[in-house]
Amino acid sequence: MSIMAKSIEPLPRSFYNRGTVTTARALLNKHLVRVIGRTILIGRIVEVEAYGGRNDPASHAYRGATPRNKPMFGEPGHAYIYFTYGNHYCLNVTTQRVGVPGAVLIRAIEPLKGLGMMKRFRPGVPNLQLSNGPGKLTKALAIDRSLNEADLTRHGLLYIGKASSELLFTTKRSPRIGITLGIERLWRFYIESSQYVSRDVSGNRRTHRQYR
DNA sequence: GAGAAGATCTCCT
DNA sequence: GGAGATCTTCTCA
């Protein structure tokens, strides 16, 4: 039986209108839905990181509001998408009430539907490598700045819904990846059993070699 | 207006 | 394991 996108109901605003770490954890195993024309791409969220505000030196919001990080200060349940390293887009979900900055970085998804189109966006890449990193998954789902501030609580081009069935899984936590400050916080969460997370338990990058 | 750093990925050795 | 790519954003003068 195929997964019908319409059967996936977007998570309500209240899901995001709470603590960022709580929301990050709760986003695991939810379904990220991307609509491109008549095609529906769906990925199961398997890895996330929480980013706070003025008390979190690793966060874009640490020094207050800027034009870039504005969505982090806005309504919860919206996309915050930024461009980094001259190459990559990163997808975040805003949390907490208006005026309180917070966002969850989606770091990895497991492709569930629309694999063919994802592979067209990432030609020559093995399945396990399609979306096991923040820059990879935005490319696999054709997510760019045009979707910045998109409302994720509605049926639109991009939203997040509950999984059709709640699987049992074990959540692991670790320091966040790729930052130099705030590494004492264990604000990265991932599904232990998933093959699609970006790093293994010891923090090593998952490379092509390991899968050949 | 200049300079530096960056929530990354890929290729090369 | 390491470095280059590539460009946006922010900070500071």
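Just so it is clear: chains get the letters A, B, ... in the order the sequence lines come, proteins before strands, and each one is counted from 1.
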### Query
Can any side-chain N or O of S131(A) pair as donor or acceptor with the backbone N or O of K136(A) at less than 3.5 Å?
no

Acceptor/donor pairs from residues 114-126 of chain A side chains to any protein atom, 3.5 angstrom cut, sequence neighbours excluded:
residue : atom : partner : partner atom : Å
K119(A) : NZ   : N127(A) : OD1          : 2.5
R122(A) : NE   : L130(A) : O            : 3.0
R122(A) : NH2  : Q129(A) : O            : 2.9

### Query
Whole Å only: how far is the CG atom of N132(A) from the P atom of dT10(B)?
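That distance rounds to 9 Å.
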
### Task
Write out all pairs satisfying ring pair (Phe, Tyr, Trp, His ring centres under 6.0 Å) with one or both partners inside residues 82-102 of chain A, taking only residues at least two apart or from two chains.
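Matches after skipping sequence neighbours: H60(A)-Y82(A), Y80(A)-Y82(A), F83(A)-Y89(A).
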
### Message
I'd like to check the side chain to side chain donor-acceptor pair (under 3.5 Å) partners of T20(A); sequence neighbours left out, ordered by chain and number.
### Response
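Applying side chain to side chain donor-acceptor pair (under 3.5 Å) to T20(A) gives T95(A).
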
### Summary
Applying side chain to side chain contact (heavy atoms under 4.5 Å, CB included) to T66(A) and not counting sequence neighbours gives R68(A), N69(A)

### Task
Kindly compute the distance separating CD1 (I143(A)) from CG (L91(A)), expressed to the nearest 0.5 Å.
5.0 Å

### Task
Take atom CG of D56(A) and atom C1' of dA7(B), then tell me their distance rounded to the nearest Å.
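Between C1' of dA7(B) and CG of D56(A): 10 Å.
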
### Query
Going by the salt bridge (charged side-chain N to carboxylate O under 4.0 Å, His left out) test, which pairs reach into residues 31-52 of chain A, not counting sequence neighbours?
R44(A)-E110(A), E47(A)-R107(A), E47(A)-R188(A), E49(A)-R107(A)

### Message
Quick one, I81(A) with D144(A), criterion side-chain contact (heavy atoms from CB on, under 4.5 Å). Give me CA distance, side-chain angles, the key distance, then yes/no.
### Response
CA-CA 7 Å; I81(A) 296 162; D144(A) 62 21; 6.0 Å; no

### Task
State which residues pass side chain to side chain contact (heavy atoms under 4.5 Å, CB included) with N17(A); sequence neighbours excluded, sorted by chain then number.
P76(A), R97(A)

### Task
Kindly work out whether a path of hydrophobic side-chain contacts (I/L/V/M/F/W/Y, heavy atoms less than 4.5 Å apart) joins L105(A) to Y190(A).
no

### Query
Any sub-3.5 Å donor-acceptor pair from S193(A)'s side-chain atoms to T170(A)'s backbone N or O?
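A pair under 3.5 Å: no.
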
### Message
Test of understanding: with side chain to side chain contact (heavy atoms under 4.5 Å, CB included), list the residues that count as partners of R154(A), not counting sequence neighbours.
### Response
D151(A)

### Message
side-chain contact (heavy atoms from CB on, under 4.5 Å), that's the test. Do I40(A) and I8(A) meet it? Break it down for me.
### Response
CA-CA 11 Å; I40(A) 312 285; I8(A) 297 184; over 6 Å; no

### Task
Go through residues 82-95 of chain A and report each residue with a non-hydrogen atom lying under 4.0 Å from DNA chain C, sorted by number.
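Result for residues 82-95 of chain A: F83(A), Y85(A), G86(A), N87(A), sorted by number.
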
### Query
When you measure from the side chain of S59(A) to the backbone N and O of Y51(A), does any donor-acceptor pair fall under 3.5 Å?
no

### Message
Counting only side-chain nitrogens and oxygens, does H60(A) get under 4.0 Å of the OP1 or OP2 atom of dA7(B)?
### Response
yes

### Message
With side-chain contact (heavy atoms from CB on, under 4.5 Å) as the test, pick out the partner of I179(A) among I177(A), L181(A), I183(A).
### Response
I183(A)

### Query
CE of M72(A) versus P of dC10(C): gap in Å, rounded?
12 Å

### Task
Grab the CG-C1' distance between L105(A) and dT8(B) for me, whole Å please.
11 Å

### Task
Nearest whole angstrom, please: distance from the P of dT8(C) to the NZ of K70(A).
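Taking NZ of K70(A) and P of dT8(C), I get 18 Å after rounding.
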
### Message
Could you walk me through whether R176(A) and R185(A) satisfy the side-chain contact (heavy atoms from CB on, under 4.5 Å) test, starting with their C-alpha distance in whole Å, then the side-chain angles of each, then the deciding distance to 0.1 Å, before giving a yes or no?
### Response
CA-CA 8 Å; R176(A) 292 168 289 181; R185(A) 294 184 178 146; 4.1 Å; yes

Polar-atom pairs under 3.5 Å, protein N or O versus N or O of nucleotides 11-13 of chain C: list them with distances, or write none.
none

### Query
Where along residues 138-151 of chain A does a heavy atom fall under 4.0 Å from DNA chain B?
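Of all residues in residues 138-151 of chain A, none places a heavy atom under 4.0 Å from DNA chain B.
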
### Query
Quick one: is R68(A) getting a side-chain N or O under 4.0 Å of the dG6(B) phosphate, OP1 or OP2?
no

### Task
Treat a base pair as Watson-Crick or G-U wobble with both distances under 3.5 Å, then lay out DNA chain C in dot-bracket form, 5' to 3', with | for cross-strand pairs.
|||||.||||||.

### Message
Quick check on contacts: within residues 170-188 of chain A, what sits under 4.0 Å from DNA chain C by heavy-atom distance?
### Response
none

### Task
Round to a whole Å and report the spacing from CG of N69(A) to P of dT8(C).
18 Å

